[in-house]
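First the proteins, then the strands, lettered A, B, ... as listed; each starts at 1. Please read all numbers here as calculations on a predicted model, not as lab measurements.
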Protein chains: 2
Amino acid sequence: MISATLNSEAFAQKLAHSGLRNTPQREVVYSALLTRRDHPTADEVHARVRAELPTISLATVYNCLETLVQCHLVRAVNFERGPTRYCPNLQPHAHFHDEATGATFDIDLPSDLLAKIKSVLPDGYDADAVEITFRGKTTATR
Amino acid sequence: MISATLNSEAFAQKLAHSGLRNTPQREVVYSALLTRRDHPTADEVHARVRAELPTISLATVYNCLETLVQCHLVRAVNFERGPTRYCPNLQPHAHFHDEATGATFDIDLPSDLLAKIKSVLPDGYDADAVEITFRGKTTATR
DNA sequence: GTAGGAATTAGAACTATTCTAAACTGGCTG
DNA sequence: CAGCCAGTTTAGAATAGTTCTAATTCCTAC
């Protein structure tokens, strides 16, 4: 089973919508992202997924993640030149990257602020997406 | 000579302030960024700089760029997994990345908006920097 | 002048990712 | 139900961008 928020059939539907099949590998990769929403790298996903599918290859994990990104079930997130991280949170949100620990946190973005940010673009710039990333440290009171 | 906006002595000062020496390589790398502010990659900087210093190595270009970033003369900018690009614009600003051409544009950010963006961070998150990147296309009217 | 640290260099090494080609799977046709 | 075909998975090779290593060169201070 995939999650409380998206069952196997709905998942298969989303894939089918892009002309893709559901497979055990894709399900398990997706569910690995949902069960611990900590923005893992492809390597980390690979390690976790092996518990369930011990023979899955890293290439397949990359393929599955890419597939999930393409059908908008997952977002890819990059910090500097670090390895790509994956995030199943589809709400518009910013990321906070703790430089000391490497941990990543989702930060909610009020939609009016998002609109205001997009409105700084001069004429002739047509944005599909905006990415907002904070870098810094987190403290105990969080 | 380095630029209309920062002469060789001021440049050397900035370096000295971080305990670093001025060198021909560092000057030329920096000036390559200033003369065409188009966010070149390390490879592109290398190609340009060779016109002046034909024997400069790519490793040195990387070293110089890293040095300039460390003493806050230059910003490093990343889009997805693409090669790092370098930007001598130190004003707070966002970047617009044209997906069709790969070109990068600086977008001014009103300081009140920047403040508003930083204020979405809950307690316990202490941001040193925020990066804002738009992806999309540019049109003729720009 | 010379010692010693800083900077440069060529090339090797490394990391994250993508590519390649072969094997496998699973539904649809006849 | 056998066979086909496209989609998928896989291991391993290849690639791109960057960093590392070790040797050399360059300053700067004594």
Starting at atom [atom1] of [X], determine the distance to atom [atom2] of [N], rounded to an integer number of angstrom.
X: B/Gln70; N: C/dA7; atom1: CD; atom2: P; value: 11 Å
X: B/His46; N: C/dG11; atom1: NE2; atom2: C1'; value: 13 Å
X: A/Phe79; N: C/dA16; atom1: CZ; atom2: P; value: 15 Å
X: B/Tyr30; N: C/dA7; atom1: OH; atom2: C1'; value: 20 Å

- Item | Stepwise ring pair (Phe, Tyr, Trp, His ring centres under 6.0 Å) check, A/Phe134 with B/Tyr125 | CA-CA 9 Å; A/Phe134 298 92; B/Tyr125 293 91; 8.7 Å; no
- Would you name the heavy atoms of B/Arg75 and B/Val69 that are closest together and state the gap between them?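 Shortest heavy-atom contact: C-CG2, 4.5 Å.
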- Test: A/Lys137 and B/Asp128 ion pair at under 4.0 Å: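 Result for this pair is yes, salt bridge flagged.
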- Message: Show, in sequence, the C-alpha distance, side-chain angles and deciding distance for A/Arg48 and A/Asp38, and conclude whether the salt bridge (Lys or Arg N to Asp or Glu O under 4.0 Å) test is met.
- Response: CA-CA 12 Å; A/Arg48 288 180 201 176; A/Asp38 57 351; 2.8 Å; yes
- How are the rings of B/His95 and B/Phe79 set relative to one another: parallel (under 30°), tilted (30 to 60°) or perpendicular (over 60°)?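 The arrangement is perpendicular - the two ring planes meet at more than 60°.
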- Query: Between the side chain of B/Arg135 and the main-chain N/O of A/Glu131, is any donor-acceptor distance below 3.5 Å?
  - Reply: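 No, B/Arg135 side chain to A/Glu131 backbone: no donor-acceptor pair under 3.5 Å.
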- Message: Strictly under 4.0 angstrom, non-hydrogen atoms only: write out the protein contact profile of nucleotides 8-22 of chain D, one letter per nucleotide from the 5' end, B, S or -.
- Response: SSBBB----SBBB--
